[in-house]
Amino acid sequence: MSEEFNLEQFTKDHEPLPEVPEHIWQNVRQHLPKKKRRPVILPFLLIGTLCLVVGYIWTTNGLNNEHTSIIPSNSLITIDSSVSMNNEDMNHDRVECEKSKESYYIPTNQTNKNKIQPSFTLQSNQSKSNVLSDQNMIILNSDHSVESSVQHFHESKFQPKYDQLNSPVVEMQLLKSKIIFDSNESIKLYKPDPKCYNFKKTRKVGFFVETYAGPSYSPMRLSNSDLDAQKVFELRKTSESARISAMAGIKIGVQFRKVSVRTGIEYLNMLERMEFSDQNYKKVEQIFVNGQLVRVDTITGERFVNIHNYHHHLSVPVSIGYTLSKGKNKVNIQLGVGVNFYSWHKGAVLDSVSKYAYFTTGKYPQSEIYNSNFGLSSFLSVQWEHKIRYRWSAFIEPAIQYYFSPINKNSYHIQQRYFNIHTKIGLKYYF
Amino acid sequence: MDDASLVRDCLSGSEKACKALFDRYAPSMLAMCVRYSSSRPEAEDNLQEGFIKIFQNLEQWKSTGALGAWIRRVILNTCLTKIQTSQKEKLSIPDSEVPELLSEPEVISSLAYRDIIHLIDTMPLGYRTVFNLHMIDGHSYQEIAGMLQITESTCRSQVLRAKKFLANKITRANSNIKVEL
């Protein structure tokens, strides 16, 4: 009898479960992933806070003692000018106070000039007031050479007498012979200046880019040189009024310490509204039926017209500025010129017959009265800048701008001049 | 405790839960390892290595699937990797080594499990692996081909030859048994 044999099922049914040796688990146990521990934040936070507090107190005390702990009394002062001699960029000598283990720096331009490489010791048993004046100065008896000072030192048998408090003499122990310390000027002692260790060259030139936009207001000034156009001139003066518009631009600039130069491209819109009332308005309507004129209606009356006149300008501004900075804030005063290189216009003005006529660029060439560019302008602005993050600043910059030339063509009898008030609001990025 | 909560406890770092998981699945996995290994110590090594992988990658198990199947697959892959890398033995044997199939195979249902496993163990490694995968663990030819990185047709022929080999062995062992695999 043939019976189908299912080996898989047979194995499942009959497979014995062997005993697993304990050492397998012990080996596996050693490789179990360790329990995830929460990051210990609080202790680090406390330690960090403690360090900050201690650092603040220590720094505050150090600053407070800056003007009092110049050099302790009965201390040995070593003047070592070799460092400054080897490095001409550092016009100071290094003064070490062995007792306090503090370093001081003494400007010694004169010693540099004399190519002196002294290494000598100032030793004083005097009180601090004798060593230092109230202005924190060591006044060397500069008319004497070191040799004469040493002679005086020996004559006093290590007990120098300082009987002149106003001009104290600091005894000097010569460590290198034949060295003359000749200084006719008072030497000031300074606390260690971190800048002395900063050998990085500070960046003197910085580049930046500004992008901005803002509201603009351009009052118009009309002038008439043709008496025949006086009526239109008066009508235009009463019918057109300036409106708030907008401007935008982008500039790149370079900063030389406190002076900056900028240039870029700027769009400015001058907007006016023409409000005209045609009291002799007459409208004729012809009504046709089946191609035959059946009626003519004539409407007469007063018509009110409101048209917005847009004058779009593209210019290249160039400015120079002076920067005052404090903390995250900067104030930049700028003076510059703008070169208008393209303008286009849209709108309508009253013509010589007291009717409004459109002057839109490209659309009504026969009635175009404005130039496609009108040259120079000058501006003055004050930019207030606030640093918002690394390399990024936001700024607001009110400005006033005056256009030297009228924007209309010479053939047009009424001259139209502008000045502009605008406020730039934008972002600045420092490279 | 069900598998999901056991795994959750394991992931939270409970060694007790890990031990419980190990005790639950280790015996059956060891039995499987024995079938894929040439010796008991090697099977235990595979089991140990497999469970280390399991505990280190337990977060990869998705609770929607059966934990047993996932563990089984990990252990099996460990065994196969060991076979492929350490022993460097080809998973196939030449046709000349395949014994001829007897004309009248006999039934083996009356054989004890131990006898069958013993017969399987006498097979060459290549046959034994493919035979175990297909006939005992129920993997399809496609799956086996993917595991062993061989073609599906090769896999089929290997299984067929393994069957013939085993049938021949059984026939020789007991001529009264009809083998029909």
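Owing to the predicted nature of the structure, the values given are computational and were not obtained by experimental measurement. Each chain gets a letter, A, B and so on, in the order the sequences are listed, and its residues count up from 1.
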Minimal heavy-atom distance between A:Glu19 and B:Leu30, with the atoms involved, is O-CD2, 3.8 Å
Whether over 12 other heavy atoms sit under 6.0 Å from A:Ile265 CD1: yes
Of all the heavy-atom pairs spanning B:Pro27 and A:Pro18, show the shortest one and how long it is. O-CD, 3.4 Å
Other residues, nucleotides and ligands only: do more than 12 of their heavy atoms fall within 6.0 Å of CD on B:Gln142? no
What distance do B:Glu15 atom CD and A:Arg29 atom CZ have between them, rounded to the nearest 0.5 Å? 4.0 Å
Which atom names give the shortest non-hydrogen contact between A:His31 and B:Gln56, and what distance separates them? O-NE2, 3.4 Å
Heavy atoms of other groups near A:Ile425 CD1, more than 12 under 6.0 Å: yes
Counting only non-hydrogen atoms closer than 4.5 Å, does B:Met29 touch chain A with its backbone (N, CA, C, O), its side chain (CB onward), both, or neither? neither
Could you have a look at B:Ser28, B:Cys10, B:Cys18 and say which one has the most heavy-atom pairs with chain A under 4.5 angstrom? B:Cys18
Listing, residues 19-26 of chain B side-chain donor-acceptor contacts under 3.5 Å, not counting sequence neighbours, or none:
unit_1  : atom_1 : unit_2  : atom_2 : d
B:Lys19 : NZ     : B:Asp23 : OD1    : 2.9
B:Lys19 : NZ     : B:Asp23 : OD2    : 2.9
B:Arg24 : NH1    : B:Met1  : O      : 3.2
B:Arg24 : NH1    : B:Asp3  : OD1    : 2.6
B:Arg24 : NH2    : B:Met1  : O      : 2.8
B:Tyr25 : OH     : B:Asp3  : OD1    : 3.2
B:Tyr25 : OH     : B:Asp3  : OD2    : 2.7

Given side chains that start at C-beta, do those of A:Pro21 and B:Gln48 come closer than 4.5 Å, heavy atoms only? no
Measure the CG-CD1 distance between A:Leu32 and B:Ile52 for me, rounded to the nearest 0.5 Å. 8.5 Å
Sequence neighbours excluded, which residues qualify as side-chain contact (heavy atoms from CB on, under 4.5 Å) partners of A:Gln255? A:Phe208, A:Ser260, A:Thr323
